[in-house]
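To keep things clear, I will list the structure first and then write my remarks on it.
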Amino acid sequence: QVQLVESGGGLVQAGGSLRLACTASGGTFSRYAMGWFRQSPGKEREFVGRITRSGGVTDYADSVKGRFTISRDNDKKTVFLQMNSLKPEDTAVYYCAARHTILSDNSRYNGVTDYAHWGQGTQVTVSS
C-alpha cells in the first residue's frame, strides 16, 4: 500500500512559479501511474495532469497546458508538478494520486475514481 505526501505549496504572486513534490512510501513507486488534481472551495476536485509509471507519457488539463509540467524520479519515489505563469484561478489545494498499472498501460486516467491512493494535499494560493 503506497502512502503519498505532497509538499511545496505556498503563496505566490500571479505570474510566479511553484514546484510541488509528492513523495511515496510503502510501495513500489515505479509500478504506479501518478496524477495531480486540485480542488477549490465549493468546487469538485479536478484533473490537472498525469504521468505514466515510466514517465514516458504525460498529459494535462486544457487549463494548465503549456504552463504546468509533470515529471517523476522513480529512484527517489517522487513526482513533481512544476507550475509556471500562475494565475489567481490556479488557487486550490493540490493533491497527488497513485494508480497501480501494468507497464504497457498508457490509458488516460483523468478521473478521481481512477486513483486509489491519495495524499493529504498542499495549499497553493496565487495573489493578483
Side-chain angles (χ1 to χ4, degrees):
Q1 188 89 351
V2 65
Q3 292 87 41
L4 305 172
V5 178
E6 301 96 336
S7 60
L11 174 64
V12 64
Q13 289 188 332
S17 297
L18 278 176
R19 189 192 197 203
L20 305 184
C22 170
T23 302
S25 63
T28 304
F29 182 67
S30 60
R31 294 179 180 175
Y32 290 87
M34 301 298 295
W36 283 98
F37 291 75
R38 65 187 182 186
Q39 188 168 20
S40 304
K43 295 187 177 181
E44 293 187 352
R45 194 168 297 188
E46 65 173 359
F47 172 76
V48 173
R50 59 110 188 175
I51 187 167
T52 53
R53 54 183 270 179
S54 68
V57 177
T58 57
D59 72 311
Y60 304 90
D62 288 343
S63 59
V64 306
K65 201 171 293 184
R67 300 188 298 123
F68 290 11
T69 302
I70 298 174
S71 60
R72 67 189 293 162
D73 184 334
N74 283 346
D75 291 336
K76 295 182 179 179
K77 298 186 177 182
T78 302
V79 61
F80 302 97
L81 179 64
Q82 177 67 45
M83 304 185 294
N84 299 329
S85 302
L86 282 161
K87 306 174 181 180
E89 51 263 44
D90 294 318
T91 295
V93 177
Y94 283 72
Y95 299 89
C96 68
R99 176 189 174 96
H100 193 275
T101 64
I102 59 174
L103 186 59
S104 60
D105 186 356
N106 289 329
S107 301
R108 191 174 189 268
Y109 295 113
N110 62 351
V112 171
T113 57
D114 289 330
Y115 294 85
H117 309 284
W118 292 83
Q120 82 290 346
T122 186
Q123 176 70 47
V124 171
T125 302
V126 184
S127 62
S128 56

**Asked** Side-chain heavy atoms under 4.5 angstrom apart, residues restricted to Ile, Leu, Val, Met, Phe, Trp, Tyr: same cluster for M34 and Y109?
**Response** no
**ring-ring contact (aromatic ring centres under 6.0 Å, His included) contacts in which one or both residues fall within residues 19-65, not counting sequence neighbours** = Y32-H100, Y32-H117, F37-F47, F37-Y115, F37-W118
**Request:** Check whether V93 and V48 end up in the same hydrophobic cluster, where Ile, Leu, Val, Met, Phe, Trp and Tyr are linked by side-chain heavy atoms less than 4.5 Å apart.
**Result:** no
**Fill in**
Between G9 and V124, the two heavy atoms sitting closest are CA-CG2, 4.2 Å
**Asked** With a 4.5 Å heavy-atom cut-off, do V64 and R38 have their side chains touching?
**Response** yes
**Complete:** Heavy-atom nearest pair, A98 first then L4, reads N-CD1, 3.8 Å
**Under-4.0 Å salt bridge between D105 and R53** = no
**Prompt:** In terms of heavy-atom contacts, does NZ of K65 have more than 12 from other residues, nucleotides or ligands at under 6.0 Å?
**Reply:** yes
**Request:** For the pair E46 (side chain) and E44 (backbone), establish whether a donor and an acceptor sit closer than 3.5 Å, ignoring hydrogens and angles.
**Result:** no
**Item:** V79 to S71 - nearest heavy-atom pair and separation
**Value:** CG2-O, 3.1 Å
**Request:** Identify whether the distance between the nearest side-chain nitrogen and carboxylate oxygen of R67 and D90 falls below 4.0 Å.
**Result:** yes
**Asked** Which is it for L86 and Q13 under the side-chain contact (heavy atoms from CB on, under 4.5 Å) test, yes or no, and what are the steps along the way?
**Response** CA-CA 8 Å; L86 282 161; Q13 289 188 332; over 6 Å; no
**Complete:** Minimal heavy-atom distance between S17 and N84, with the atoms involved, is OG-OD1, 2.9 Å
**Message:** Treating R72 as the side-chain partner and T52 as the backbone partner, does any N or O pair qualify as donor plus acceptor under 3.5 Å?
**Reply:** yes
**Asked** Nearest 0.5 Å, what's the SG-CD1 distance between C96 and I70?
**Response** 10.5 Å
**Item:** Interatomic spacing from CE in M83 to OG1 in T69 - rounded to 0.5 Å
**Value:** 11.0 Å
**Item:** Same apolar cluster: L18 and Y95, side chain cutoff 4.5 Å
**Value:** no
**ILVMFWY cluster, F80 and F68 together (side-chain gap under 4.5 Å)** = no
**Complete:** The reported gap from CG in L11 to OG1 in T91 (rounded to nearest 0.5 angstrom) is 8.5 Å
**Asked** Can you list the residues that meet the salt bridge (Lys or Arg N to Asp or Glu O under 4.0 Å) rule with R45, with sequence neighbours excluded?
**Response** none
**Item:** Donor-acceptor under 3.5 Å (T101 side chain, N106 main chain)
**Value:** no
**Message:** Minimum heavy-atom separation for A24 and V2, please, with both atom names.
**Reply:** CB-CG2, 3.7 Å
**Item:** Donor-acceptor under 3.5 Å (E6 side chain, Q120 main chain)
**Value:** yes
**Request:** State the NZ-OG distance between K87 and S128, to the nearest 0.5 angstrom.
**Result:** 14.0 Å
